[in-house]
*Asks:* 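Structure below; questions to follow.
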Amino acid sequence: MAQQAGAGRRYVRAFVSGFFVAVPVTVTVLDRFAYVARVEGASMQPSLNPEGNVTGSDVVLLNRWSVRNYQVRRGDIVSVLSPKNPQQKIIKRVIALEGDFIKTLGYKNRYLKVPDGHFWIEGDHHGHSLDSNSFGPALRTPWRARCSVKCCVWCSHGVSCQVFGVQTTQMNVVWHIRGFFFFQVSLGLVHGRASHIIWPPNRWQRIEPSIPPERMPLLNWHADATEDEEKD
Amino acid sequence: MSTIWLFFVFFLRKLSGLGASASWLCSRLPGRFRSVAITVCLVVTWEVSIGGDMFRRVLGKTLGFLGYTVQYGCIAHCAFEYIGEFVACSGPSMEPTITSHDVVFSERLSRHLCRIEKGDIVIAKSPFDPHMNICKRVIGLEGDKICTSGPSDVFKTHQYVPKGHVWLEGDNLRNSTDSRSYGPVPYALIRGRVCLKLWPPHNFGALNQSPTGRIVKRSD
């Protein structure tokens, strides 16, 4: 009896001490060093999720240590906390940093200077499909419309979209939206930099920073005195 | 090259596993630390294999100490990140509620559980400089209608707070740059809610309600 009680107490103590070691270390590693996340959605095709949800989503490794001082580079794929929903993270490519002049596609201002403390992110995909559950009952005839802020859950201050096609299967409507996702976000919202794709195995690769040539910033307000020579 | 040589030395002394990790770590360091690290590793290897039992005990104790440091560091990080932290405020924008050089305690739980409410004083990252923190009061949540014109303007202008944002204003309206100048602030930039004032001691305790009367009534 006494031995059993002793063994039980030893087991509980071992469990509690192991728990208090493992949980804080795991939480600290996830908060400070690396984070693993599954990418959902098609806004970053063809870099991430090239086949959509058919063969499974990509899983990326987010490096949180490299953004601890809010240092991002143009062309990086970063995850940021969404300004629209604080519990959601969005993953996009950095196109311009503070002080850059850029030419926007479909934003209310044609040319824009990115303000201090902000950076400009865009998705790689230039067309997008959505499920009708966001929009309501099905329509039978195709129609063109410029979607307004109220009707479109995807319209933030940074989305311009043109609804141009509809196909119906009973209650499911697929809206083909020629849309393009772009945001100007504060640097304080940056969460991590996507450095590697780690799943599925045939897509193991290191993500290299690159900007599509037509989206390069026009010029930079602050002189580009020192370029960061990071040996990653 | 020198890291390969280092690994070879470790291998000779039958410490291959430790040698592999040590050489990899040394190769990641920038140049000026690398030579120091390699020298330290060589000295340690030599002492461990030659110095005998006593040095092994010292090394074991050092590693144990490092382990405890890592563990308590992680617990401290979790406490400051998820429970609360101490903040020293500076600036006149929250007078008379909080004056310069006051120390307050801000708790993080309500931010992570999304329970920040109107009238709370919050610490947030500045939208224009992520290294700076701002301490302001929440005047309106998403969907609220804020009156952005001054009290002396004839025509009143209003603005709606967009989804996922909050409207922050300091208590000292005349001397505060807040949402009236830079617009609504994303909720995700909020770090914590100030709940207790700790210093100066004669002002210890909970914080007062808003003296400005600018908090938006319940919107319908």
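No experiment lies behind these values; they were computed from the predicted model shown. To find a chain, count down the sequence lines: A is the first, B the second, and so on, and within it residues start at 1.
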*Asks:* Taking all non-hydrogen atoms of both residues, which atom of A:K84 and which atom of B:P162 are closest, and how far apart?
*Replies:*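 Nearest heavy atoms, A:K84 then B:P162: NZ-CB, 3.9 Å.
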
*Asks:* Has B:F105 got more than 12 heavy atoms of other residues, nucleotides or ligands less than 6.0 Å from its CZ?
*Replies:*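 It does: B:F105 CZ has more than 12 such atoms within range.
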
*Asks:* Answer whether the closest heavy-atom distance between the side chains of A:L189 and B:K125 falls below 4.5 Å.
*Replies:*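 When only atoms from C-beta onward are counted, B:K125 and A:L189 do not touch, as no gap falls below 4.5 Å.
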
*Asks:* Does atom CZ of A:R68 have more than 12 heavy-atom neighbours from other groups under 6.0 Å away?
*Replies:*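 For A:R68, atom CZ is crowded (more than 12 foreign heavy atoms under 6.0 Å).
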
*Asks:* Roughly how far apart are B:H77 NE2 and A:D31 CG, rounded to 0.5 Å?
*Replies:*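 Between B:H77 NE2 and A:D31 CG, I get 4.0 Å after rounding to 0.5 Å.
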
*Asks:* Determine the minimum heavy-atom distance between B:P127 and A:H118, stating which atoms define it.
*Replies:*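 Taking B:P127 first and A:H118 second, the nearest heavy atoms are O-CE1, 3.3 Å.
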
*Asks:* A quick test of your reading: do over 12 heavy atoms of other residues, nucleotides or ligands sit less than 6.0 Å from NZ of B:K61?
*Replies:*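 Counting other residues, nucleotides and ligands, NZ of B:K61 stays at 12 neighbours or fewer.
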
*Asks:* Side-chain contact test, heavy atoms from C-beta onward, threshold under 4.5 Å: evaluate it for A:P24 versus B:Q71 and give yes or no.
*Replies:*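 Side chain of A:P24 against side chain of B:Q71, heavy atoms only: no contact under 4.5 Å found.
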
*Asks:* Hey, is NE2 on B:H112 packed in by over 12 heavy atoms from elsewhere, all under 6.0 Å?
*Replies:*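 Atom NE2 in B:H112 is packed in, count exceeds 12.
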
*Asks:* Measure B:K163 against the heavy atoms of chain A and call it side chain, backbone, both or neither at under 4.5 Å.
*Replies:*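 For B:K163, the contact with chain A is made by backbone and side chain together.
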
*Asks:* With chain A as the partner, which of B:S126, B:A188, B:A124 has the greatest number of non-hydrogen pairs under 4.5 Å?
*Replies:*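 The answer is B:A188.
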
*Asks:* State whether the number of non-hydrogen atoms from other residues, nucleotides or ligands found under 6.0 Å of A:Y35 atom OH is greater than 12.
*Replies:*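 12 or below, so no.
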
*Asks:* Does any heavy atom of chain A fall under 4.5 Å from the side chain of B:Y82, the backbone, both, or neither of them?
*Replies:*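 Side chain only.
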
*Asks:* Take a 6.0 Å sphere around CZ of B:F86 and say whether it holds more than 12 heavy atoms from other residues, nucleotides or ligands.
*Replies:*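 Open.
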
*Asks:* Can you say whether the rings of A:Y70 and B:H131 are parallel (under 30°), tilted (30 to 60°) or perpendicular (over 60°)?
*Replies:*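 Perpendicular.
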
